Amino acid sequence: MSDKVHPVPEGWAKRAYIDKARYEADYRRSVEDPEGYWGEIGKRVDWIKPFSKVKNTSFAPGNVSIRWYEDGTLNVSANCIDRHLATRGDQTAILWEGDDPADSRAITYRELHEQVCRFANALKARGVKKGDRVTIYLPMIPEAAYAMLACARIGAIHSIVFGGFSPDSLAGRIEGCESRCLITADEGLRGGRKVPLKANADAAIEKAGGVDTVFVVTRTGADVPMVEGRDVRYEDAIAAASPECEPEEMNAEDPLFILYTSGSTGKPKGVLHTTGGYLVFASFTHQLIFDYHDGDVYWCTADVGWVTGHSYIVYGPLANGATTLMFEGVPNYPSTSRFWEVVDKHKVNIFYTAPTAIRALMGGGEGPVKKTSRESLRLLGSVGEPINPEAWEWYYRVVGDSRCPIVDTWWQTETGGILITPLPGATDLKPGSATKPFFGIRPELVDAEGKPLEGAAEGNLVIADSWPGQMRTVYGDHKRFEETYFSTYPNKYFTGDGCRRDADGYYWITGRVDDVINVSGHRMGTAEVESSLVAHEKVSEAAVVGYPHDVKGQGIYAYVTLMAGVEGTEDLKKELVAWVRKDIGPIASPDLIQFAPGLPKTRSGKIMRRILRKIAEDEFAALGDTSTLADPGVVDDLIEHRQNRR
Ligand code: WTA
């Protein structure tokens with residue numbers, strides 16, 4: 001925690017859309033009269049048929065239902081492209097920077113229109129229609145945005161799977177939403193290394209079944225086998241398709257996309273977002289929080305495989321007619337100056353990244369940053385995990401030359417857009433705090449029993465009322481939606497995060513309070529890693545927890561009980577890491593494995609994770625009461641053989 005306050009710079013208070021007085025007034029209005037407030041804001045997008053109803057939402061147990069602008073119709077792709085053609089057809093929409101610094105491309109709104117229309121027609125030609133699910137498994141190339149917008153144009157629901165996920169993970173997500181169509185590339189390219197996307201896709205389809213069309217974008221030109229009748233070369237399909245495609249008229253509550261995300265239990269959930277409210281919220285938050293003005297060059301370093309890429313690379317910025325930079329590479333290739341070289345090359349004004357990247361670059365010192373100019377930068381952003389004050393100050397001082405406010409934006413896949421954040425012209429900054437709620441957002445802290453906590457307090461973060469960007473359901477499983485988010489604290493949306501509110505009403509996210517861990521800003525369910533480990537023939541039981549990691553934020557710590565007679569060797573540890581990597585993907589690789597002859601269990605057989613977390617954190621002096629354990633003796637062994645000695 002840090003006591004330092006960085007006041008709003010004077011120039012910012014003047015130039016920004018929102019200053020302090022406006023924030024106070026609009027915030028009050030937005031929570032006192034959500035109908036009136038969001039009714040006005042809803043007009044920022046183009047409706048085919050205007051809405052007459054604004055908000056129809058209920059968090060009531062057994063009856064959770066979330067509808068916004070429910071009688072309006074619109075098309076997201078038309079809002080992101082067509083409506084800009086008259087005024088900014090020749091403006092760059094997507095500024096693409098390849099993995100190799102010699103590779104970059106500027107795509108205008110007019111070109112984007114043609115590409116998206118052609119792809120939309122190519123999808124139609126293969127029988128994809130409104131309501132069908134399309135899985136996208138692509139690297140960070142412009143075709144990823146074309147694919148998303150082409151689906152939106154014809155009313156198909158996209159489900160993007162991050163290119164770092166394994167064939168098995170991809171298969172689960174194809175099956176989960178019964179996609180018949182998959183869009184992939186021959187190979188991906190990251191940090192000079194190739195990723196065998198088409199080969200992974202083939203393996204996934206073999207496992208999942210049901211896919212009858214695969215579009216294959218040429219990225220590296222690798223010779224990949226094509227399945228007759230099923231696989232289509234993207235370039236051929238595009239060339240054969242018409243450059244005009246009428247956008248489909250969609251209801252505000254028609255689904256826009258599904259995005260799988262990890263939870264405390266079970267398999268990843270298909271988070272469903274719909275059309276109208278999502279677009280209003282993504283575009284509105286993008287404009288105000290990043291103070292986006294015409295002509296700005298905006299860069300969010302996320303991948304479209306995560307929600308940040310959906311809302312703040314593609315939909316929010318394009319709906320605002322922005323120039324959005326899309327980066328295929330990684331921060332340390334070809335050198336650790338890459339981010340800042342790209343900033344200088346494209347004169348980036350607004351830069352949005354994750355704390356893990358900042359911490360990794362901090363390790364390399366100021367040199368690689370200071371050799372670049374970065375004078376175009378005006379605003380910095382952070383997302384994905386708590387940013388520690390040291391990293392915040394470094395980002396502020398070294399990257400931003402103590403000139404650029406930092407917006408530390410808290411949100412989730414489920415929330416569709418940013419909920420707690422500074423506004424650069426209105427909010428004095430405290431390093432490490434996501435500061436204040438955005439318009440219309442009513443955060444509350446509750447204790448374990450659900451009792452509301454007032455004033456300065458620490459507890460579980462819940463949101464008391466709906467906002468337009470909120471997820472609508474878990475795809476195909478509304479019961480799971482209600483149970484996961486609305487049953488812990490009735491009538492409130494439970495975020496899964498712990499949080500502290502200080503005496504100034506600033507919010508400080510402390511991290512997840514459930515069995516989700518956040519590794520380098522990527523969400524991972526401990527249950528997923530556990531089920532992968534126990535699928536190995538030598539493993540009898542596994543318990544996975546997070547522990548503090550200097551660069552990743554959290555690392556993955558796995559306690560593994562082996563089958564009788566199996567010896568716990570260093571080689572076996574390597575084998576298990578490789579196993580999980582192959583099974584889920586590199587982001588799920590355990591950082592530390594401890595072979596444990598026994599796990600701490602209650603007499604009813606429940607694993608006491610609290611104890612495992614403490615040992616993984618190397619805080620074993622404060623284990624609390626262990627007397628309820630079936631065998632308190634296992635704890636001594638766990639402590640003795642702990643892996644994280646700091
Ligand atoms: C964490 C990413 C602290 C949090 C947009 C949340 C943060 C989870 C912040 C969602 C932040 C995200 N400060 N923690 N600024 N932003 N988180 O779904 O634990 O990938 O619940 O969405 O990331 O991760 P998700």
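Numbers here simply count residues along the sequence, with the first being 1. Computed from heavy atoms alone, side chains included, the values below leave out hydrogens, waters and symmetry copies. Computed from a prediction, not measured in an experiment: that's the story for all the values here. Counting starts at 1 for both ligands and their atoms, in listed order.
Separation of the Phe438 and Phe284 ring centroids falls under the 6.0 Å cut-off.
Contacts with ligand 1 closer than 4.0 Å are made by side-chain heavy atoms of Asn518 only, the backbone lying farther away. Heavy atoms of Asp497 found under 4.0 angstrom from ligand 1 belong exclusively to the side chain. Contacts between Gln412 and ligand 1 below 4.0 angstrom, taking non-hydrogen atoms only, involve backbone and side chain alike. Proximity of Ile387 to ligand 1, defined as any heavy-atom pair under 4.0 Å, is not found for any part of the residue.
Interface atoms of ligand 1 facing Thr308, defined by a heavy-atom separation under 4.0 Å, are 5 (C). Close contacts of ligand 1 with Thr413, meaning ligand atoms under 4.0 Å from a residue heavy atom, involve 18 (O), 20 (O), 22 (O), 25 (P). When each atom of ligand 1 is checked for a heavy atom of Thr409 under 4.0 Å away, the hits are 9 (C), 11 (C), 15 (N), 16 (N).
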#### Entry: Stepwise ring pair (Phe, Tyr, Trp, His ring centres under 6.0 Å) test for Phe481 and Phe486
CA-CA 8 Å; Phe481 176 58; Phe486 302 93; 5.2 Å; yes
Please test Lys582 against Asp168 for salt bridge (charged side-chain N to carboxylate O under 4.0 Å, His left out), starting from the C-alpha separation and ending with a verdict. CA-CA 8 Å; Lys582 182 161 174 295; Asp168 272 6; over 6 Å; no
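Of the possible polar contacts, none joining the Ser311 side chain to the Ala282 backbone as a donor-acceptor pair under 3.5 Å is found.
Residue Ala434 has no N or O atom closer than 3.5 Å to an N or O atom of ligand 1. Considering backbone and side-chain atoms alike, Arg523 places an N or O below 3.5 Å from some N or O of ligand 1. Below 3.5 Å of separation, one finds an N or O of Asp408 facing an N or O of ligand 1.
Taking atom 3 (C) of ligand 1 as the reference point, the nearest protein heavy-atom neighbour is Pro386 N, 3.1 Å. Among all non-hydrogen protein atoms, the one lying nearest atom 16 (N) of ligand 1 is Gly384 N, 3.1 Å. Protein heavy atom at the shortest distance from atom 2 (C) of ligand 1 is Trp411 O, 4.0 Å.
Here atom 13 (N) of ligand 1 lies nearest to Glu385 when heavy atoms of Met524, Glu385, His310 are compared.
Between Trp467 and Phe281, the angle of the ring planes lies from 30° to 60°, which puts this pair in the tilted group. Using a 30° and 60° split on the angle between ring planes, Phe162 and Trp306 fall in the tilted class, from 30° to 60°.
The shortest separation from a heavy atom of Gly511 to ligand 1 is not under 4.0 Å, leaving the residue out of contact. Taking a 4.0 Å cut-off on heavy atoms, Trp306 fails to register as neighbouring ligand 1.
Tyr493 and Gln470 share no side-chain donor-acceptor pair at under 3.5 Å. Judged purely by distance below 3.5 Å, without hydrogens or angles, the side chains of Ser466 and Trp68 pair a donor atom with an acceptor atom.
Remark: Glu97 engages Arg338 in a salt bridge, criterion side-chain N to carboxylate O under 4.0 Å.
To the nearest 0.5 Å, the span separating CG on Leu272 from CE on Met471 amounts to 7.5 Å.
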